[in-house]
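To keep things clear, I will list the structure first and then write my remarks on it.
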There are 2 protein chains.
Amino acid sequence: MKSSVSGCSVEEAMRLLGGRWRLLLVSYLLDGPKRFGELRKDVPGISQRMLTLDLRALEDAGLVRRTVFAEVPVKVEYQLTEDGLRMEPVVAVMKAFGLWLKSRA
Amino acid sequence: MKSSVSGCSVEEAMRLLGGRWRLLLVSYLLDGPKRFGELRKDVPGISQRMLTLDLRALEDAGLVRRTVFAEVPVKVEYQLTEDGLRMEPVVAVMKAFGLWLKSRA
DNA sequence: CAGGATCCGACCCGATACTG
DNA sequence: CAGTATCGGGTCGGATCCTG
């Protein structure tokens, strides 16, 4: 066999990124810092609830940094951390696979 | 901006591979054809129900081929199709990310 | 051996209403 | 603007029992 018990780490990764929106969110954040409302507009179909929850989860995992600007009205920016940038290959490969999926009959 | 509407394909991919077990299953199938019971033993914690459902989903997507041997008792083998092999980079990158996740404090 | 059928709890996710 | 609170439906996923 080539690798047997190796699959466990896949499960760990999917537990964090396996949701419907998280990786998609990350793909947008790769373009640079984004405001909450900006993500809401850009990500088609996401509810404001899920946006909050998923951003929070990524923040708790140390992959996204949340910056609050004490202005009126409030402005909040989300950006990938150094660690968060490590998801770039994941997004790239998933994007490629998704494109291929759609290109099939 | 570098890429704006590109994220849609990520959602497509996650809709297919986003479950808890699917990508993990694929990672085992990359080693070669596996029998049902073999996967059940190898994949720690999966129920026979989810194993069936997820294999069926991958089969319906044309990524896994199911072969029934008319023996007694029955023997069923699952293997990745040509198309299914396209998930190899996805598994690889997700495995790497998962390992890195676990290696952090 | 490889599943199908059924039941049931947990969680994902969306819609809506309200707030600092 | 950027959330929080609450409700409810749908899906995910496990346990158990049954079958070709």
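Lettering follows sequence order; numbering is per chain, from 1. As the structure is a computational prediction, the values presented were derived from the model and not from experiment.
Distance check, rounded to the nearest 0.5 Å: CZ of A/R65 to CD of A/E82 gives 8.5 Å. To the nearest 0.5 angstrom, B/L24 atom CG is 10.0 Å from B/L29 atom CG.
Using a 4.0 Å heavy-atom cutoff across all strands shown, A/F69 reaches no nucleic acid atom at all.
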Show every donor-acceptor pair shorter than 3.5 Å between a side-chain atom in residues 13-22 of chain B and any protein atom, with sequence neighbours excluded, or say none if there are none.
from: B/R15; atom 1: NH2; to: B/E11; atom 2: OE2; distance (Å): 3.3
from: B/R20; atom 1: NE; to: A/E11; atom 2: OE2; distance (Å): 3.2
from: B/R20; atom 1: NH2; to: A/E11; atom 2: OE2; distance (Å): 3.3
from: B/R22; atom 1: NE; to: B/D54; atom 2: OD1; distance (Å): 3.0
from: B/R22; atom 1: NH1; to: B/L16; atom 2: O; distance (Å): 2.9

Would you give me the side-chain donor-acceptor pairs under 3.5 Å for residues 73-80 of chain A, sequence neighbours excluded?
from: A/Y78; atom 1: OH; to: A/R66; atom 2: NE; distance (Å): 3.2

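Residues meeting the ring pair (Phe, Tyr, Trp, His ring centres under 6.0 Å) test with A/F36, sequence neighbours left out: none. For B/R86, there are no salt bridge (charged side-chain N to carboxylate O under 4.0 Å, His left out) partners, not counting sequence neighbours. Remark: B/R56 engages B/E59 in a salt bridge (charged side-chain N to carboxylate O under 4.0 Å, His left out) (not counting sequence neighbours).
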The contact string for nucleotides 6-20 of chain C, one letter per nucleotide 5' to 3', using protein heavy atoms under 4.0 Å with B, S and - for base, sugar-phosphate only and none, comes out as B------BBBBB--B
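Sorted by first and then second residue, the pairs that involve residues 82-104 of chain B and meet ring pair (Phe, Tyr, Trp, His ring centres under 6.0 Å), not counting sequence neighbours, are B/F97-B/W100. Residue pairs that meet the side-chain hydrogen bond (donor to acceptor under 3.5 Å, both in side chains) test with at least one member in residues 44-53 of chain A, sequence neighbours left out, do not exist here.
Taking a heavy-atom distance under 4.0 Å as the criterion, the stretch of DNA chain D touched by chain B extends 5' to 3' from D/dG13 to D/dG20.
Residue B/R35 places at least one side-chain N or O under 4.0 Å from the OP1 or OP2 atom of C/dA2.
Where the helix from C/dC1-D/dG20 to C/dG20-D/dC1 starts and where it ends, the local axes point in directions that differ by 50°; five pairs per end, rounded to 10°.
At a threshold of 4.5 Å between side-chain heavy atoms, the hydrophobic network of Ile, Leu, Val, Met, Phe, Trp and Tyr places B/F69 and B/V64 in two separate groups.
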